[in-house]
**Student:** 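Below: one structure in structure tokens.
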Amino acid sequence: MYYNFKEIEKKWQKKWASTSAFCAQANPERKKYYLLEMFPYPSGKIHMGHVRNYTIGDVASRFKMLEGYNVMHPMGFDAFGQPAENAAIKNKTKPSDWTHKCIKEMEIELKKMGFSYDWEREVSTCDSDYYKWNQWIFLKMFERNLAYKKASGVNWCPSCQTTLANEEVVDAGCWRCHTKVEQKDLEQWYLKISEYKERLLEDLSRLKNWPPRVLAMQNNWIGKSSGVDIYFRLKNSDKIIPVFTTRCDTIFGATYIVLAPEHALVKELIRGNAQEKEALEFIKKVSAISKIVRSASDVKKEGVFTGSFAVNPVNNEEVPIWIADYVLMEYGTGAIMAVPTHDQRDFLFAKEHKLPMRIVITPKDGPVKLAEGLSGAYEGDGVQINSGEFNGLTNQEAKIKIAQWMEDKGIGNIQTRFRLRDWLISRQRYWGTPIPIIYCPSCGVVPVPYEDLPVKLPADAPFTGEGGSPLGKVKKFVEVKCPKCKGRARRETDTMATFFDSSWYFLRFCSPKFDKAPFDAKEAAYWMAVDQYIGGIEHAILHLLYSRFFTKFFQDLKMIDFTEPFDKLLTQGMVLKDGEVMSKSKGNIVDPDSMIKNYGADALRLFILFAAPPETELEWDERGLEGALKFLNRIWRIRENLKSAAGPEVIKCLHRTIKKVSEDFSEFKFNTAIASLMELTNAIYQYGADKQVFSKFLIMFSPIAPHFCEELWQILGNKESIFKASWPKFDPEFLVEENVEMVIQVNGKLRSKIEVPSDISQDKLKEMVLGDIKLAPWLKGKPPKKFIIVPKKLVNIVI
RNA sequence: GCUGGAGUGGUGGAAUGGCAUACACGUCGGUCUCAAAAACCGAUGAGGGCAACCUCGUAAGGGUUCAACUCCCUUCUCCAGCACCA
């Protein structure tokens with residue numbers, strides 16, 4: 001007979017809701033613990049990824065609660081975004097109706113899993129009470145020149161009909177629909193995240209409890225590199241072209257320079273030259289291709305000669321100036337010096353266009369290779385040659401000396417460059433936060449005054465699917481009075497990228513109904529930072545970088561006094577089926593709802609935690625889920641067979657288990673914690689348990705299977721919720737064994753085992769070991785050279 | 001190419017210098033039953049041996065150590081992120 005999980009789970013979910021069991025209040029007397037899982041986009045249905053993410057969080061949250069912490073465990077919805085608009089077009093509904101319906105459905109599913117959320121703190125980013133503060137934050141950034149508008153080539157998704165941030169372009173496609181991204185010249189709003197690049201990079205070192213790969217990814221993304229701007233002068237002109245290089249040690253080998261096709265000087269350089277026509281055609285061709293496609297490494301590097309020359313400042317050599325598609329305007333100075341002998345890209349380009357080469361670094365102890373015989377660039381370290389006064393130095397020494405020498409002579413400037421670009425936040429969509437800006441023909445760009453916030457989304461925008469923002473078609477939204485001159489003006493119709501919304505929601509949870517600012521500083525001071533954050537690796541750059549940026553911004557506004565929002569981060573692994581990610585297109589989706597129906601939420605939670613450690617991928621296996629249910633039933637039966645007093649074997653095992661589970665839960669090693677609870681269960685089956693042992697077992701197991709344990713807890717006669725109980729403590733006395741089994745090795749190989757009193761003296765132990773008949777053939781009568789004794793574990797005899 | 005991570009039974013996984021394979025899944029056998037299911041008990045890395053036992057075994061090779069899945073070096077494979085970033 002299976003226990004009735006359907007009834008039991010429903011019963012306790014109702015009870016927890018009616019008693020507000022998980023509602024948290026700030027209390028300076030108590031130690032707080034803020035546990036947060038990344039909030040979901042309300043698609044209407046939870047998937048196994050959500051189940052895994054939120055189960056891990058729920059166990060941690062309930063464990064901390066039992067340990068006596070004041071736990072805040074909130075949940076909300078990242079509710080703006082394109083699916084709602086697409087649904088509106090398809091089903092002729094309104095995005096807000098569709099979204100709110102989805103949120104309702106999702107709340108029901110989350111509640112069915114028995115998660116211990118503080119629902120009174122729930123937020124939805126599409127509520128004007130929330131997005132009002134997006135606008136508030138935007139205006140604060142605008143005041144500090146951290147939000148600005150600029151025209152430039154931007155990533156454009158033709159399917160979503162909107163612009164995308166660099167972070168949202170994945171494999172040259174849109175992160176949502178995978179459509180190939182195009183390039184468009186548009187005037188768009190940006191956030192100056194680059195202002196924070198040094199801090200964002202440096203503070204990574206504070207994040208000791210973040211996974212190394214996330215730190216590595218952010219480090220890469222910020223992409224700091226040090227080098228020198230070297231000033232090349234145009235031949236027959238005073239004009240200077242600075243080029244950025246990290247390899248100034250190769251400057252004597254620079255035989256030509258290359259500019260990006262968009263470089264400001266290009267037009268002037270080609271004017272009147274024989275190459276002008278060819279060059280103009282090339283520029284036209286390149287500008288039509290998106291930057292992403294252009295920068296794909298498998299595309300052949302193309303370029304043309306400008307017909308002009310520059311002067312290498314270190315040796316006054318005249319070098320040709322080329323333009324090529326592989327030089328990017330956005331990075332460095334938009335111009336490079338080319339050293340074909342020591343840079344593979346330059347090498348290939350020089351070979352193709354028959355440009356000169358000169359070796360300036362030769363491998364230590366290696367022969368000097370001749371340019372004619374060179375099959376590829378030598379990019380390694382070595383000794384300087386053909387480098388004037390720097391000959392003979394190692395290139396690493398030369399790098400430092402040449403940089404300094406250039407600064408002294410005024411022909412170069414030591415520079416640090418970053419890869420991180422500013423964050424494009426304008427979206428030509430409806431279902432997002434309106435950017436609070438008004439364009440006035442006489443006053444220009446005018447911010448909406450704070451007292452006029454929120455700028456609400458009009459409810460009656462038309463959804464035709466014809467492209468272009470629906471907001472632009474709502475007259476009463478667009479046509480406004482200028483706040484300054486009261487003249488006729490036009491409202492900004494772009495909305496904010498939804499990543500803006502999620503960059504500070506963890507602060508909103510501290511005071512979700514606060515109406516004077518995005519959050520109440522006092523509440524935030526108590527609850528922040530988030531002690532444990534849990535979510536998918538897909539947000540390793542986007543969301544986590546933006547959230548760090550916003551936190552630093554709030555710190556600068558003196559609204560908070562910390563600089564990093566998330567103390568510990570756990571990125572959970574994906575749930576796979578037959579080795580592949582579950583997806584609609586593969587048709588291998590396992591629906592959590594039907595699993596709850598067939599096995600119960602507790603069994604699902606148990607399986608998901610037991611099948612793999614949280615960070616690794618989890619292979620879905622329904623047999624494992626059956627196994628989880630079997631284990632629950634095995635425990636269920638214990639209640640009928642409790643003895644009046646448990647024997648010493650079980651008591652010892654209990655204390656070992658308490659120690660192990662306490663340690664494992666703290667380190668999120670749920671799979672091994674469950675394994676040790678299973679061992680205790682096996683011991684109970686062998687030796688029997690009393691009520692006390694079983695109660696302690698239930699407390700330890702309750703974070704994993706909360707409904708199940710509440711029910712048994714009540715059956716044992718307890719009136720209060722099991723989550724009001726306190727976490728059991730182990731007694732070290734019970735961990736001490738009178739006798740221990742010791743492993744006896746000869747030359748490191750296991751040859752025997754003996755049981756000895758655990759407090760045996762070394763001499764007595766040696767005596768016993770030498771008397772062990774099993775060892776005789778291995779010792780061969782020879783006297784042992786050495787005894788290695790690891791107390792209570794092992795003896796190794798070296799002969 | 002750069003960066004980070006991983007490689008252990010038929011399967012998921014455990015062990016971070018000290019008995020390799022805990023705990024489960026699966027498989028096989030037993031108990032109960034007219035029978036089956038459920039439940040309970042037991043076996044289960046490979047090879048050899050009647051057996052006690054022996055040999056081999058954590059991607060491959062080498063090293064350090066009394067002792068290596070674990071530390072070091074070399075190589076291979078897989079996963080993930082970034083990538084004409086000068």
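A, B, ... follow the sequence lines: proteins, then strands. Residue 1 opens every chain.
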**Student:** Please state whether the phosphate of B/rA86, meaning OP1 or OP2, lies under 4.0 angstrom from any side-chain nitrogen or oxygen of A/Ser225.
**Tutor:**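 Yes, within the criterion.
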**Student:** Hey, which sits more toward the 5' end of RNA chain B by its nearest nucleotide, A/Arg421 or A/Gln745?
**Tutor:**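 Result: A/Gln745.
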**Student:** Can you check whether any acceptor in the base of B/rC66 is under 3.5 Å from a donor in the side chain of A/Lys786, or vice versa?
**Tutor:**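 Absent.
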**Student:** Between B/rA39, B/rA86, B/rU55, which nucleotide gets closest to the side-chain atoms of A/Leu328?
**Tutor:**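 Selected nucleotide (nearest to the side chain): B/rA86.
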**Student:** Which nucleotide, if any, forms a Watson-Crick or G-U wobble pair with B/rG10, using both distances under 3.5 Å?
**Tutor:**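 For B/rG10, the partner nucleotide comes out as B/rC25, under the 3.5 Å rule.
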**Student:** Measure from the side chain of A/Thr245, starting at C-beta and using heavy atoms only, and say which of B/rA86, B/rC25, B/rC85 lies closest.
**Tutor:**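 Looking only at side-chain atoms, A/Thr245 lies closest to B/rA86.
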**Student:** What nucleotide, of B/rC19, B/rA86, B/rA24, holds the atom closest to the side chain of A/Ile336?
**Tutor:**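 The answer is B/rA86.
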**Student:** Can you name the one residue among A/Thr250, A/Asp249, A/Thr245 that meets side chain to side chain donor-acceptor pair (under 3.5 Å) with A/Arg247?
**Tutor:**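 Exactly one candidate clears the test, A/Asp249.
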**Student:** Is it the case that the side chains of A/Tyr533 and A/Ser547 hold a donor-acceptor pair, with the cut-off being a distance below 3.5 Å and no angle test?
**Tutor:**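 On atom types as modelled, these side chains do not qualify, holding no pair under 3.5 Å.
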**Student:** Could you tell me how far B/rU55 sits from B/rG62 if I compare only their C1' atoms? Round to whole Å.
**Tutor:**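 Looking at atom C1' only, B/rG62 and B/rU55 are 23 Å apart.
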**Student:** Kindly point out which of B/rG13, B/rC84, B/rG18 is positioned nearest to the side chain of A/Arg345?
**Tutor:**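 Of all the options, the side chain of A/Arg345 is nearest to B/rC84.
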**Student:** Heavy atoms from C-beta onward define the side chain here; which of B/rC19, B/rC66, B/rC40 lies closest to that of A/Arg634?
**Tutor:**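 Nearest to the side chain of A/Arg634 among the choices is B/rC40.
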**Student:** As a test of the definition: with a 90° window around 0 for syn, would you call B/rG9 syn or anti?
**Tutor:**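 You should classify B/rG9 as syn.
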**Student:** For the side chain of A/Arg419, counting heavy atoms from C-beta on, which of B/rA14, B/rC82, B/rU55 is nearest?
**Tutor:**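 Side chain of A/Arg419 sits closest to B/rC82.
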**Student:** Closer than 4.0 Å, any side-chain N/O of A/Asn220 to the OP1 or OP2 of B/rC85?
**Tutor:**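 Checking B/rC85 against A/Asn220, no side-chain N or O comes under 4.0 Å of OP1 or OP2.
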**Student:** Would you indicate which nucleotide in B/rG18, B/rC19, B/rU55 comes nearest to any side-chain atom of A/Glu741?
**Tutor:**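 From the listed options, B/rC19 comes nearest.
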**Student:** Report the nucleotide, chosen from B/rC23, B/rG81, B/rC84, that has the shortest atom-to-atom distance to any side-chain atom of A/Asp325.
**Tutor:**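 The closest nucleotide is B/rC84.
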**Student:** Quick check, are the ring centers of A/Phe670 and A/Phe610 under 6.0 angstrom apart?
**Tutor:**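 Aromatic pair excluded; centres sit 6.0 Å or further apart.
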**Student:** Output the single nucleotide from B/rC54, B/rA14, B/rC85 whose closest atom is nearest the side chain of A/Thr672.
**Tutor:**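 Taking heavy atoms from C-beta onward, the closest nucleotide is B/rA14.
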**Student:** Just name whichever nucleotide pairs with B/rA80, Watson-Crick or G-U, keeping both distances under 3.5 Å, else none.
**Tutor:**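 Check on B/rA80: paired to B/rU3, both distances under 3.5 Å.
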**Student:** Does B/rC50 have a Watson-Crick or wobble partner in any strand here, with both distances under 3.5 angstrom, and which is it?
**Tutor:**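 Partner of B/rC50: none found under 3.5 Å.
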**Student:** Give a yes or no answer on whether the side chain of A/His342 reaches the backbone of A/Ile361 with a donor-acceptor pair at less than 3.5 Å.
**Tutor:**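 Pair found, side chain donor or acceptor close to backbone of A/Ile361.
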**Student:** Look at the side-chain N and O atoms of A/Arg213 and state whether any lies under 4.0 Å from the OP1 or OP2 oxygen of B/rC79.
**Tutor:**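 Answer no for this pair, as no side-chain N or O of A/Arg213 is under 4.0 Å from OP1 or OP2.
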**Student:** With respect to the side chain of A/Met678, which nucleotide from B/rC66, B/rA24, B/rG81 is positioned closest?
**Tutor:**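 In terms of side-chain proximity for A/Met678, the closest of B/rC66, B/rA24, B/rG81 is B/rA24.
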**Student:** Are the aromatic ring centres of A/Trp423 and A/Phe499 under 6.0 angstrom apart?
**Tutor:**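 Here the rings of A/Phe499 and A/Trp423 have centres that are no less than 6.0 Å from each other.
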**Student:** Less than 3.5 Å between a donor and an acceptor, one on the side chain of A/Asn796 and one on the base of B/rC66, is that the case here?
**Tutor:**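 Result: at least one qualifying N/O pair found.
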